[in-house]
There are 4 protein chains.
Amino acid sequence: MEEITTPRRVPAGAKAEQRIRDILRVSREVFAELGYERATTTEIAQRLGVSEATVFTYFHGKRALCVRVIEDWYDEIIDTFEQGMPRGQSARAQLAFYVKTHLQLFLIQGTGLCALVLSEGRAKGPDLGEVFVPLQRRYTAPLMDLLARGRENGEIRDDLPLSLMRSAILGPMEHILWDAIAREREVDIDKTASDMVALLWPALLPVNVEAEKLRAFYGEVGAALRKVEGA
Amino acid sequence: MEEITTPRRVPAGAKAEQRIRDILRVSREVFAELGYERATTTEIAQRLGVSEATVFTYFHGKRALCVRVIEDWYDEIIDTFEQGMPRGQSARAQLAFYVKTHLQLFLIQGTGLCALVLSEGRAKGPDLGEVFVPLQRRYTAPLMDLLARGRENGEIRDDLPLSLMRSAILGPMEHILWDAIAREREVDIDKTASDMVALLWPALLPVNVEAEKLRAFYGEVGAALRKVEGA
Amino acid sequence: MEEITTPRRVPAGAKAEQRIRDILRVSREVFAELGYERATTTEIAQRLGVSEATVFTYFHGKRALCVRVIEDWYDEIIDTFEQGMPRGQSARAQLAFYVKTHLQLFLIQGTGLCALVLSEGRAKGPDLGEVFVPLQRRYTAPLMDLLARGRENGEIRDDLPLSLMRSAILGPMEHILWDAIAREREVDIDKTASDMVALLWPALLPVNVEAEKLRAFYGEVGAALRKVEGA
Amino acid sequence: MEEITTPRRVPAGAKAEQRIRDILRVSREVFAELGYERATTTEIAQRLGVSEATVFTYFHGKRALCVRVIEDWYDEIIDTFEQGMPRGQSARAQLAFYVKTHLQLFLIQGTGLCALVLSEGRAKGPDLGEVFVPLQRRYTAPLMDLLARGRENGEIRDDLPLSLMRSAILGPMEHILWDAIAREREVDIDKTASDMVALLWPALLPVNVEAEKLRAFYGEVGAALRKVEGA
DNA sequence: CATGAATGAGACTTCATTCAT
DNA sequence: AATGAATGAAGTCTCATTCAT
C-alpha cells in the first residue's frame, strides 16, 4: 500500500535544507489550520510561492509530509519539557511548570496540531496512527516521570494507576484548549495554569497524608528550625 | 448557502422508517470510524447493500446525514443522563453516575463520534461546527447542574470557575477513551469509573486552607531535603 | 434508441382522461417555466400531488410528455387563428388581428413555451426537433395564407419571398416577447400590436419603384452633404 | 453564491494560452450545438483529446467556461460592428452593412450561440442571465446608434419607439437564422441581406417624406449638377 | 533543480425510469 | 389504478501525484 520508495532523488545541500525547513514551516500552518484531509498540497505550494512539484521533490507525498510535521512538532515540545523541567523542585512546582508550558505551547502554536494528532491519529487505517504511538510515549514521558518521582517521594498518592493521573492532567488541558478555540476566546495562560494546578493538585495528594500528621510535622520542623537559629 | 432543496421526496412509511434507521446506524459506524472527510457515501451504501442513490433518497446529502447522526447521538446521551441522574443523592454519587455512564456510552459506541464532533466542530468553515454549539450546551448541562447544586450545598469548592471543573471531568474521560482506542485495549469500565471518581473527587472538595498550606510546606521541605541529599 | 413501446397499458376512461389533462396542464407550466432540461418529473408529480410513477403510467416518459405538451399548445394556437381570422377584411386588418392575437397568446401563456420550442427544437439530436417541423408549418400557415391572399389582391408587394416577410413579422414579435420577459416589464398589448403593424405595414406595401429610387437618392445626397460639412 | 475559488492554479504561458484558446474553441462548438444543459464537460474534453481534469485546470467549471465562451463571442461581434460600420454613409447603407454583417457572423458561427444566449439568458435562476444584460446592451448599441443618427437626420421616422425598430430588425434575422438551421438549408447571405433591407427600409422611412417633394428635390439637385458640369 | 502541465481515480449528487405491491 | 421504493447511468468537480523539459 504505502509507497516506501524515496522520491527520485531528494536534493541535498544547504539550499535544499532551507527549502525543506520552509516547506515544513508552511505545511505545519496548513495542516494545523485545516486538518489533514482539508489541507491540500496546492495550498502549501501556493503559500510557499513554489510549484506543487517542488514539494514532491522533497517529500514522498502528503502523508509523509504530515508525518514529518507532527514528528518535528513533538520533538520541539519534548525538548522544551526536557530542558526546562525544574527537577530539583517539589512535584507541585514541576506540575505547575508542566501545565503552564503545555498551555503556552498549544495556544501559541494553535490547537490545530493538537487536533491534527488527535483526529488523524485515530483514523482507522493505521495510516498515521502507528507513527504516533512512540511519539506519544516520549511526549508524555516528562509527565510520567514527574508523577513517578513524586510518588516515590510520597508527594503523590500511589493508590491509583499513573496512567489515570496522566489522563487527569492532559485531558483537562486539551479540553480547555478546544473550548478556547471553539469560542474563539482569549485565554489568560498564567491564571488558567495556576487555577488548573490548584484544582488538580488535591487530586494527586496521598489520601493518607492527613492534616494531623502534617501539623505534627510542621511543629517539629519549626522546633528544629528554632533550635538551629537559637544556636 | 444552506441548501434548502428537499430530497426528491422523502418516503414516509413503516418500511421507510426502518430504512432511515438502517442508514443512520451504518452511517454512524462509518463516520465514527473514518471521520467526516474520509467517510464516503459509497462506503455507507455498500455496507447497507443498497445503491448510493437510495441513501440520497432519504437524506439531502453527506453533510445532512452526518448532522443527523450527531444529533441523534447527542439526544441519546442527553436522554440517558437526564433520566438516570440520581438527583437526591450526594454530589459524589451523582458524579460517579455521570462518569460511569459517560464511559459506558462512549466505549460502547466507540470514541469515533466523539472525535467526529471534536474535529469537525473545529473545522475552519463552520460547516458542521455551528450545529454543535447548542448540542454541546445541552450535553454538558447535566454535569454543570450537578456541580452547581453541589456548590450550593457546600459539597463542592467555590474558589474556581465551574468551566474549569467541567474540563477537569470531561477532559480526562475523553483522554482515557482515546488511549483505550489507540492501544486497542479493553477497559474495565466499573473500575475505571470508580478510580476516576476517587481521583477527581478530592479536586472538587472545598479547600481546607490550613491543610493546603501545610501540605505545600511539607512538599517543599521534602524537596529541599532531597536536594541536599542528592548534592 | 428511442423506446417506442407504450407504457404497460395506458388506462382509459373518463377518470383517466381527466388525469391526462391534469398532467398536461401542470407539465405545460413546468416545461414553460424551466425549459426541457431543467424541468423534472419530480416537480411535475409534486405539483400534481401524485407520485412520479403515475405520470409514467400515462406517458412514455419525459420526452413524450414534452412533445405532447407542445403539440397541444400548437393546436390551441392554430385553432385560435383559424377560427378568428377576419378573412373578409383588408390584408392590413388581418395582419393586425394576427399580430395582436399572437402577442396575447404568448404573453398570457408566458413565453416559456415559445422558448421551449425554439431552443429544444434546435437541439442537435432530432429528438424533439423533427416533431416540430410539421407543427411549425401549420402554425405559420395562417400568416402565409394572409400574405399570399394580400399579394394576389395587389395589397402586398411581390418582389420579395414570402418566407422573408414571414420572418419580418414573426421575428420581431418573438424579440419583443423575450425583451419583455428579460426585463420583466409589463407590455401594453394593444399599443404594441398597433405600433408593430404601423411599423411593418409600409414594409409589405407594393413598392413604388420610382419613389423608392428617389428616396435612396435623397438619402445619399444628404449623407454626402453631411460628409462635406463634417470635414 | 458565486464561487470565488480559483482553480488550483491557472497555468500562464505560451502553451497555456494556446490550450485556453483550444478549450474555448471546442467549448464554443459544444455549447452551440447542444445548449448549456446538454453540453457536458466530458464531451468537451473528448473532442479536445484531453482529460476532463485538464479542462478544469483552466476554468473554474462548466458555468464559467460557458460565460467566457459567450463573452468572447460577443466581443468578436461587437468589435466587428464597431470597426466596420460605415459611419459617413447614409442610414440605409449603414443598415445594409449591419444586416449583412450580422447574418455573416451568425451563419458562419452557427446560430447555436445565439440560441444559447436566448435560452440560457431566460433561465429561471439568473445563473447565466445576469452576465448577459450588459453584453446585450453593448451588442445592440451600434444598431441603436445607427437608428438614432438616422432619426436626427430625418432619414428615419420618429413616430415609433426605437426599441420597436430594433426588434423589427434583429427579430427577423434571428428568425431567418433559425429557419435556416431547422431546415438545414444554405442561405445566400448577400441576397438575403439585400432583400431584408429592401423589405425593412420602407418600414423605417419617415411617413411624411412624400414622392412629390422628393421629385422636386431630385430636379433641383440635377439642375445644380448640370450647372457645375456646364461651367 | 524547479516546474508547467496533465491526469487517473474517485468523490458527491441528480434524475428518469422500473416494478412489486 | 396508483404508488412506494429503489436504482443505473451519468454529470460536475477535486486533488495527489507524475514526468518531460
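Convention: sequence-line order gives letters A, B, ...; per-chain numbering from 1.
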Task: Sugar-phosphate only, base, or nothing, as touched by C/Ala16 at under 4.0 Å among non-hydrogen atoms - done: nothing
Open item on the list: Under 4.0 Å, heavy atoms only, any strand: does B/Ala64 hit a base, just the sugar-phosphate, or nothing?
Closed with: nothing
Task: Stepwise salt bridge (Lys or Arg N to Asp or Glu O under 4.0 Å) test for C/Arg25 and C/Asp22 - done: CA-CA 5 Å; C/Arg25 177 175 43 76; C/Asp22 289 342; 3.2 Å; yes
TODO: Enter the distance from B/Arg28:CZ to B/Trp73:CH2 here, rounded to the nearest 0.5 Å.
DONE: 8.5 Å
Open item on the list: With a 4.0 Å cutoff (strictly under), does any side-chain N or O of A/Arg19 reach OP1 or OP2 of E/dA2?
Closed with: yes
Open item on the list: Need one value for D/Thr54: base, sugar-phosphate or nothing, where a base atom within 4.0 Å counts as base even if backbone is also close, heavy atoms only.
Closed with: base
Task: Close side-chain approach of D/His60 to D/Leu65, heavy-atom, < 4.5 Å - done: no
Open item on the list: Students often get this wrong, so: under 4.0 angstrom with heavy atoms, is C/Ala45 touching a base, only sugar-phosphate, or nothing?
Closed with: nothing
Open item on the list: Regarding B/Lys15, tell me which of base, sugar-phosphate or nothing describes its non-hydrogen contacts under 4.0 Å with the strands shown.
Closed with: sugar-phosphate
Task: side-chain N/O B/Thr41 vs E/dC12 OP1/OP2, d < 4.0 Å - done: yes
- [ ] Please figure out whether D/Glu52 or B/Ser51 has its closest DNA chain F nucleotide nearer the 5' end.
- [x] B/Ser51
- [ ] Find which nucleotide of DNA chain F each of B/Ala53 and C/Val50 is nearest to by heavy atoms, and output the residue with the more 5' nucleotide.
- [x] C/Val50
- [ ] Look at A/Tyr58 and E/dA2 and indicate whether a side-chain polar atom (N or O) is within less than 4.0 Å of OP1 or OP2.
- [x] yes
